[in-house]
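Take a look at the structure set out below.
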Amino acid sequence: LQKFDLIVLGTGAAASGAAFKCRAAGWSVAIIDSRPYGGTCELRGCDPKKVLVGAGTLIDALRRMNGKGLKSEEARIDWGELMRFQRTFADPVPQRGEQGFQKAGIATFHGVARFTKPGSIEVGSHVLEARYVSIATGAKPQPLNIPGEDYLTTSDQFLELDTLPRRILFIGGGYISFEFAHLSDRAGAEVTILHSSERPLEKFDSDLVDRLLHKTRQFGIKVELQSAATRIERKDGSFVVCASTARGQREFESDLVVHGAG
Ligand SMILES: Cc1cc2nc3c(=O)[nH]c(=O)nc-3n(C[C@H](O)[C@H](O)[C@H](O)COP(=O)(O)OP(=O)(O)OC[C@H]3O[C@@H](n4cnc5c(N)ncnc54)[C@H](O)[C@@H]3O)c2cc1C
């Protein structure tokens with residue numbers, strides 16, 4: 001049995017802040033993660049996404065300047081190479097992160113943390129107790145509760161794709177879908193976004209969303225609003241997404257269906 005002032009569950013942005021601040025104030029601190037240290041933002045979210053979106057932005061700028069002083073018609077995204085480059089940022093994160101905690105005097109543990117009673121945590125063969133436990137375990141994709149949802153590709157899995165499918169459909173019109181949709185379009189895929197309500201990107205400024213929506217469609221990305229996925233089926237090597245839309249039941253065929261619905 002090991003005793004601490006604070007046990008932090010998770011090693012992402014939320015967990016790190018709490019762990020380092022409490023340690024600096026003189027508390028004894030333990031931190032636990034069931035996955036490699038670093039959390040979503042650095043390993044499976046913001047940071048890898050920014051490398052990919054950066055490449056998409058560059059391609060777009062090059063294409064727009066083609067014939068205006070640049071000869072850039074042949075610029076294209078090499079998906080496999082870009083993915084390998086993206087991973088060079090994430091690969092060192094877990095070791096560097098864990099060493100950072102240890103240097104600060106924070107005890108590090110690996111495994112799924114489980115409460116056995118208030119203030120008592122079991123992780124692997126260790127039993128830890130603390131005055132406080134900070135739960136910073138992040139979020140996971142919400143279940144859609146539709147038949148065939150096992151066919152969905154999560155954002156984690158999207159960031160591991162070594163090849164880009166020809167047709168990609170995103171369920172849900174949030175920022176993850178829009179960013180990945182634009183990247184996939186710039187890399188050469190045919191892209192569709194299904195969104196259940198009238199407005200995608202609901203939490204963002206509506207004037208900007210209108211402009212983005214217009215531009216998104218100009219690129220050739222299909223954005224189907226008021227279209228709620230009701231079922232995903234496998235057919236001849238591809239997927240068929242059935243959706244209830246303002247124009248009745250519709251079917252969309254795709255080679256990959258990505259969960260971007262929160
Ligand atoms: C594709 C994508 C792109 C994004 N882009 C942006 C962006 O550009 N800007 C932005 O601000 N945000 C972005 N986000 C959101 C951002 O990544 C999250 O808001 C942020 O990472 C949440 O941090 P957190 O510390 O709360 O949780 P996380 O970073 O998810 O950390 C939680 C940790 O807890 C661990 N854990 C869970 N359960 C247990 C358990 N029982 N025992 C032990 N460990 C456990 C997990 O393994 C994980 O490492 C993006 C997210 C995604 C998925």
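Counting starts at 1 for both ligands and their atoms, following the listed order. All values below were derived from every heavy atom in this structure, side-chain atoms included, with hydrogens, water molecules and symmetry-related copies excluded.
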Exercise. Hey, does C41 come in under 3.5 Å of ligand 1, counting only N/O atoms on both sides?
Worked result: yes
Exercise. Do V93 and D47 come within less than 4.5 Å of each other through their side chains, counting heavy atoms only?
Worked result: no
Seminar exercise, completed: shortest atom 2 (C) of ligand 1-to-protein heavy-atom contact is with G45 CA, 3.4 Å
Exercise. How far is atom 39 (C) of ligand 1 from its nearest protein heavy atom, and which residue and atom is that?
Worked result: T137 CG2, 3.6 Å
For this session: Would you list the pairs meeting salt bridge (charged side-chain N to carboxylate O under 4.0 Å, His left out) in which at least one residue belongs to residues 85-96, sequence neighbours left out?
Result: E42-R96, R87-D162
For this session: Answer yes if a protein heavy atom lies under 4.0 Å from atom 43 (C) of ligand 1, otherwise answer no.
Result: yes
Exercise. Taking it one step at a time, do L169 and E253 satisfy side chain to side chain contact (heavy atoms under 4.5 Å, CB included)?
Worked result: CA-CA 8 Å; L169 183 142; E253 218 176 289; over 6 Å; no
Exercise. Considering only heavy atoms from C-beta outward, does the side chain of F178 approach that of L212 to under 4.5 Å?
Worked result: yes
Problem set entry | N/O separation below 3.5 Å, L159 to ligand 1 | no
For this session: Can you pull out the closest protein heavy atom to atom 15 (C) of ligand 1? Residue, atom name and distance to 0.1 Å, please.
Result: Y175 OH, 3.4 Å
Exercise. Transitively linked via ILVMFWY side-chain contacts under 4.5 Å: L82 with L62?
Worked result: no
Exercise. Which residue owns the protein heavy atom closest to atom 45 (C) of ligand 1, what's the atom, and how far is it?
Worked result: S34 OG, 3.4 Å
For this session: Decide, yes or no, whether a salt bridge links D5 with R23 under the criterion of side-chain N to carboxylate O below 4.0 Å.
Result: no
Problem set entry | Residue pair F89 / K50, side-chain heavy-atom distance below 4.5 Å | no
Seminar exercise, completed: Among P48, C46, A15, closest by heavy atom to atom 9 (N) of ligand 1 is C46
For this session: For atom 32 (C) of ligand 1, state which one of A136, A13, G174 supplies the nearest heavy atom.
Result: A136
Problem set entry | Heavy atom of protein closer than 4.0 angstrom to atom 11 (O) of ligand 1 | no
Exercise. At a non-hydrogen distance cut-off of under 4.0 Å, which region of I176 contacts ligand 1 (side chain, backbone, both, or neither)?
Worked result: side chain
Seminar exercise, completed: Among non-hydrogen protein atoms, atom 5 (N) of ligand 1 lies closest to K49 NZ, 2.9 Å
Seminar exercise, completed: Under 4.0 Å from one or more heavy atoms of R44, ligand 1 contributes atoms 1 (C), 49 (O), 53 (C)
Problem set entry | Within residues 191-237 or reaching into it, pairs that qualify as ring-ring contact (aromatic ring centres under 6.0 Å, His included) - sequence neighbours excluded | H182-F219
Exercise. Roughly how far, to the nearest 0.5 Å, is CG of L161 from CD1 of I168?
Worked result: 7.0 Å
Problem set entry | Protein residue, atom and distance nearest to atom 30 (O) of ligand 1, heavy-atom basis | T40 OG1, 2.5 Å
Seminar exercise, completed: When distances are taken from atom 25 (O) of ligand 1, the protein heavy atom at minimum range is A14 N, 2.9 Å
Exercise. Heavy-atom distance under 4.5 Å between the side chains of V240 and F252, does that happen here?
Worked result: no
Problem set entry | Best match, P94, P141, A113: closest heavy atom to atom 41 (N) of ligand 1 | A113
Problem set entry | Side chain to side chain, F4 and Y132, heavy atoms closer than 4.5 Å | no
Exercise. Going by the atom numbers of ligand 1, which of them fall below 4.0 Å from some non-hydrogen atom of V112?
Worked result: 41 (N), 42 (N)
Exercise. Which of the atoms in ligand 1, numbered in the order shown and given with their element, are less than 4.0 Å from a heavy-atom of G12?
Worked result: 25 (O), 29 (O), 31 (O)
For this session: Report the C-alpha distance between R114 and E122 in whole Å, list the side-chain angles of each, state the deciding distance to 0.1 Å, and finish with yes or no for salt bridge (Lys or Arg N to Asp or Glu O under 4.0 Å).
Result: CA-CA 5 Å; R114 213 171 59 85; E122 188 181 78; 2.8 Å; yes
Problem set entry | Heavy atom of the protein closest to atom 27 (O) of ligand 1 (residue, atom name, distance) | G138 CA, 3.3 Å
Exercise. G111 heavy atoms, cut-off 4.0 Å: which ligand 1 atoms fall inside?
Worked result: 42 (N), 43 (C)
Seminar exercise, completed: Any heavy atom of Y37 under 4.0 Å from ligand 1? The part involved is neither
Problem set entry | Atom indices of ligand 1, in the order listed, that fall short of 4.0 Å to a heavy atom of R35 | 47 (O)
Exercise. Side chains of E224 and T245: closer than 4.5 Å at any heavy-atom pair?
Worked result: no
Exercise. Counting from 1, what ligand 1 atoms have a heavy atom of F180 closer than 4.0 Å?
Worked result: 1 (C)
Exercise. Got a salt bridge between D156 and R35, using NZ or NE/NH1/NH2 to carboxylate O under 4.0 Å?
Worked result: yes
Problem set entry | Gap between atom CD1 of I146 and atom OG of S244 - 0.5 Å precision | 11.5 Å
For this session: Would you please determine whether F158 falls within less than 4.0 Å of ligand 1 on a heavy-atom basis?
Result: no
Exercise. Heavy-atom distance to atom 48 (C) of ligand 1: which of I32, D156, D33 wins?
Worked result: D33
For this session: Give yes if a backbone or side-chain nitrogen or oxygen of T11 is under 3.5 Å from a nitrogen or oxygen of ligand 1, and no if not.
Result: no
Exercise. Distance below 4.0 Å between atom 19 (O) of ligand 1 and any protein heavy atom?
Worked result: no
Exercise. Can S16 be said to touch ligand 1, with heavy atoms closer than 4.0 Å?
Worked result: no
Problem set entry | Carboxylate-amine/guanidinium proximity below 4.0 Å for R211 and D207 | no
Problem set entry | Plane angle bin for F101 and Y37 - parallel if under 30°, tilted between 30 and 60°, otherwise perpendicular | perpendicular
Problem set entry | Under-4.0 Å protein heavy-atom contact, atom 50 (C) of ligand 1 | yes
